[in-house]
Protein chains: 2
Amino acid sequence: MTTYAKPSQQSSGHNHSECVSEALITAEHLCFERGVQLTPIRHKVLELIWESHKAVKAYELLDRLKPLQQAAKPATIYRALDFLIEQGLIHRVESLNAFVGCHCSGHQHEQLLLICKHCQEVEERSAKEVMLALSDEIKQAGFIVHSKAIEIHGVCSTCQKMPGVPGDRE
Amino acid sequence: MTTYAKPSQQSSGHNHSECVSEALITAEHLCFERGVQLTPIRHKVLELIWESHKAVKAYELLDRLKPLQQAAKPATIYRALDFLIEQGLIHRVESLNAFVGCHCSGHQHEQLLLICKHCQEVEERSAKEVMLALSDEIKQAGFIVHSKAIEIHGVCSTCQKMPGVPGDRE
DNA sequence: AGATTAATGTTATAATATAACATTAATCCG
DNA sequence: CGGATTAATGTTATATTATAACATTAATCT
């Protein structure tokens, strides 16, 4: 990375740069294995997405990409996002029209997303029991699944502890 | 209703005009009880949404409202939609940026939505077991819920039976 | 090396949604 | 009732999100 990382919020109390480099290494590895190209642009976009655990908008990514990539236009970002989603490297957060890095790259990609309206961070959970019950329900309905979006909005445990952040609507 | 209803698909083999009138009567009743105004515009928009069980786009509603409401502009539709969502009379389908009538108006509003990519119809299911597992998962995460969007895309049982509609990606 | 496919550049525009302020209608309450 | 207040709608403008279409450049194949 050529720019200095902002001291992005350590809200979840983890070592974020480790978190990011792990995600990037995994992505590089997966793409290599699959014989698909994690081109410089795609890599940069993935890096930008991983700057935080917040859901980030396409045009926000575009603004952040432009200094690094003169020619960047909406299509540049949307193409990179399409690729990253196809490869299971990021999630599209449907209810926000935004994007967030995926921890569980490559494996089962459909996760429960807990989206905090205070800090905007998104927590992924594989939610095994939920997924089982869901499969069952869908089977009962005789429905064939292509994709799932399970998005919960509310206040995360960290933000609940902050002063002035009640759990109920603000 | 002043326009003639299109012979909208009877795909689920139900009596749709009964289905619609029930939804409208329920809506009128609920709004009266709650002391909120189901104004003519809001009523018309609800009616338009209920013309089918398909998820319908805001601007499509706008086009369909215009002949009945000269002054209709985007704000007209979005305001009506906001009202109808607030009152739990319709669902916003996040993953489609579209809207669909809600059968279970007034009670627990968060439902599982099964969205068919062939016929675009949306089936609501209360999915008790799923919701229980979900509450449990969310509790474990220490998250406070404000709203849920659970949207499954795929092929409904009716469309699976149609020739040329395989369950897998087309 | 030439053909083919993949990725990116570039321009334009479509589709979705909201802001802000003006006007009209409904409701409240003295 | 009648003026004040709130709710709903009208109206203009613009912000935000996303894609289409075609040109160019780079990578891969044989």
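Numbers restart at 1 for each chain; the letters A, B, ... are given by sequence-line order, proteins then strands.
- For R79(B), no side-chain nitrogen or oxygen approaches OP1 or OP2 of dT18(C) to under 4.0 Å.
- In this structure, N97(B) does not reach the dT17(D) phosphate: none of its side-chain N or O atoms is under 4.0 Å from OP1 or OP2.
- Distances shown here put every side-chain N or O of K73(B) at or beyond 4.0 Å from the OP1 or OP2 atom of dT9(D).
- Side-chain contact, Q37(B) with R42(B): no donor N or O sits under 3.5 Å from an acceptor N or O.
- Considering only side-chain N and O atoms, K57(A) lies under 4.0 angstrom from the phosphate OP1 or OP2 of dT17(D).
- Remark: the Y59(B) side chain and the dA17(C) base include a donor-acceptor N/O pair separated by less than 3.5 Å.
- Applying the Watson-Crick and G-U wobble criteria (two distances, each under 3.5 Å), dA22(C) pairs with dT9(D).
- E60(A) comes within 4.0 angstrom of nothing in the nucleic acid, heavy atoms only.
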(request) Would you check, one step at a time, whether the test salt bridge (Lys or Arg N to Asp or Glu O under 4.0 Å) holds for K148(B) with E151(A)? (result) CA-CA 6 Å; K148(B) 304 187 187 106; E151(A) 305 181 359; over 6 Å; no

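- The A71(B) side chain lies nearest to dG10(D) when the options are dT16(C), dG10(D), dA18(D).
- One finds a side-chain N or O of Q69(A) lying less than 4.0 angstrom from the OP1 or OP2 phosphate oxygen of dG9(C).
- Closest to the side chain of Q37(A), out of dA19(C), dA18(D), dA6(C), is dA6(C).
- Taking for each of R42(A) and P74(B) the nucleotide of DNA chain C with the nearest heavy atom, the 5'-most of the two is the partner of R42(A).
- If you check dT18(C), dA7(C), dG10(D) against the side chain of T39(A), the one that comes closest is dA7(C).
- In the set dT10(C), dA17(C), dT16(C), dT10(C) carries the atom at the smallest distance from any side-chain atom of A75(A).
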